[in-house]
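Everything on this sheet refers to the single structure shown next.
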Amino acid sequence: MRFWRLPLDAEHHSIPRGEVHIIDNRCKGCGFCVEFCPNGCLRESKRFNVKGYHPPEMVYGAEEDCGDCGLCSLICPEFAIYTQLKEAKKITEDDIQKVTTRYSRKDRRYAKKR
Amino acid sequence: MKVRYRALHPFDKEAEERHIQEDHGLHPYDEYLKPGRIPHIWCPGCGLGIVVTAFIEAMKQKNVPVAQSAVVSGIGCTGRVAGYLDMDTYHTTHGRAIPFATGLALVRQDLIVTVFSGDGDLFAIGGNHLIHAARRNVNLKVICVNNFNYGMTGGQVAPTTPIDARTSTTPFGNAEPSFNLPHLAHAAGAVYVARWTTYHARQLVHSISQAFDKKGFTFVEVVAPCPTGFGRPNKLGSGLDEMRHYREVCEVRNGADPSEVEIRLREKIIVGTFVDVERPDFMEHYQSLVVARAQAKAKSKGKGKAA
Ligand SMILES: Cc1ncc(C[n+]2csc(CCOP(=O)(O)OP(=O)(O)O)c2C)c(N)n1
Ligand code: SF4
Ligand SMILES: [Mg+2]
């Protein structure tokens with residue numbers, strides 16, 4: 001779906017951009033953050049940590065997608081991941097289109113798994 | 001056979017401390033955790049860490065100072081929470097978290113006393129303490145992590161194990177009906193009763209912070225995955241599979257009748273805030289009925305002597 005114009009109150013809102021910090025060596029590989037990130041920003045990496053688990057990493061190209069919702073830090077049982085607000089971005093027409101693509105990528109990811 | 005001894009090195013305390021310092025403070029929640037205790041002992045996929053995070057997050061949201069918070073827990077995997085939180089914590093004997101916490105809550109009324117313990121600890125060996133603390137409406141915030149078994153001792157059957165579920169002591173399936181914890185807490189007199197799963201992390205944070213605001217006995221049940229003790233014998237898969245299961249089967253029904261929220265194996269789990277009522281707490285009754293009368297009596301006696 002394409003939006004044909006910016007919302008009228010776009011100036012009064014901003015898009016939070018988060019930065020994900022992963023403490024590799026605390027991870028026990030439960031996969032909660034990978035599964036439940038609402039924007040599908042994370043995936044299991046190929047590398048090992050000192051315990052022999054695969055810590056999560058950002059999906060290639062998803063650095064812009066983290067909205068600093070903080071669900072990963074809340075749902076991580078190991079205190080191994082957290083987010084920080086990087087910037088509060090002004091809304092532009094591009095962003096409005098991107099929201100739809102972001103969700104469609106997540107849907108594709110689901111479609112593949114099932 | 002020749003036994004070779006390893007050369008003994010004196011324990012390098014400084015290096016150990018340096019290591020702890022380096023590792024501590026990497027995460028924003030670390031300020032609520034005792035230095036050097038993370039990683040914790042809980043299994044990969046265990047939900048206990050999420051409950052601790054939710055508790056810390058609720059403290060942050062409500063601006064509860066660390067100096068004003070006390071956590072009491074019993075024995076079990078859940079009981080170890082007391083060892084990880086960096087505040088006044090009390091790791092008591094099995095089942096006796098509530099008696100210790102009751103004493104603390106009555107003597108130090110400025111503290112927010114949280115009881116953080118497992119289903120076996122609170123409802124098996126400590127069942128009587130819980131119902132009487134709820135009846136008296138002692139000002140306690142109880143968080144009960146329900147993993148349907150005795151996790152720490154090897155997955156034995158607990159009073160919360162659903163009927164027909166397999167555990168290490170019920171290999172053919174549990175023949176006993178289980179407790180419905182919210183119903184029990186409500187019937188015993190708790191003023192706030194809620195149930196969430198670890199999948200509902202945000203709602204759990206909200207419920208715990210609501211409980212902080214309430215005066216009296218509050219009870220929050222958290223259904224948590226235990227892949228080691230309960231998941232394996234019942235073929236529920238990993239912790240992640242159990243979380244996915246919660247996502248699929250849970251139904252949020254705030255204000256539901258607690259008598260209708262029983263949990264059965266692999267069936268719908270009803271979550272939500274079930275009870276939120278007001279009732280004078282123990283101290284209020286005690287002040288008005290006992291302390292006030294005793295003071296009045298002492299006064300009249302004193303007068304008599306003076307005259
Ligand atoms: C008096 C006494 N009896 C028995 C035990 C053994 N024991 C240790 S932990 C535990 C069960 C704990 O179950 P629960 O409270 O559900 O905690 P979980 O490990 O499941 O989190 C038992 C029976 C004990 N430590 N002390
Ligand atoms: S035995 Fe169960 S409750 Fe205990 S740490 Fe492991 S998964 Fe968690
Ligand atoms: Mg248990």
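In what follows, chains carry the letters A, B, and so on, assigned in the order in which the sequence lines appear, proteins first and then strands, with residues in each chain numbered from 1. Just so we're clear, the structure is a prediction, and the values are computed from it rather than from any experiment.
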Practice problem: Please determine, by modelled atom types, if B:H200 and B:T197 share a side-chain donor-acceptor pair under 3.5 angstrom. | Solution: yes
Quiz prompt | Check: B:F55 ring centre within less than 6.0 Å of B:F116 ring centre | solution = yes
Quiz item: Pick from B:D30, B:T198, B:V52: which one has the most heavy-atom pairs with chain A under 4.5 Å?
Solution: B:D30
Quiz item: Is it true that A:R17 and A:E63 have a side-chain N and a carboxylate O under 4.0 angstrom from each other?
Solution: no
Quiz item: Of the backbone (N, CA, C, O) and the side chain (C-beta and beyond), which part of B:I38 lies under 4.5 Å from a heavy atom of chain A, both, or neither?
Solution: side chain
Self-check item: Region of A:I81 that comes under 4.5 Å of a non-hydrogen atom in chain B
Solution: backbone
Quiz item: Can the ring centroids of B:F123 and B:Y150 be said to lie less than 6.0 angstrom from one another?
Solution: no
Quiz item: Do B:L48 and B:T78 come within less than 4.5 Å of each other through their side chains, counting heavy atoms only?
Solution: yes
Self-check item: Toward chain B, the part of A:I23 with a non-hydrogen atom under 4.5 Å
Solution: side chain
Quiz item: Pick from B:G45, B:A201, B:P28: which one has the most heavy-atom pairs with chain A under 4.5 Å?
Solution: B:P28
Practice problem: Identify which of B:V51, B:I56, B:L204, B:L33 forms the greatest number of heavy-atom pairs closer than 4.5 Å to chain A. | Solution: B:L33
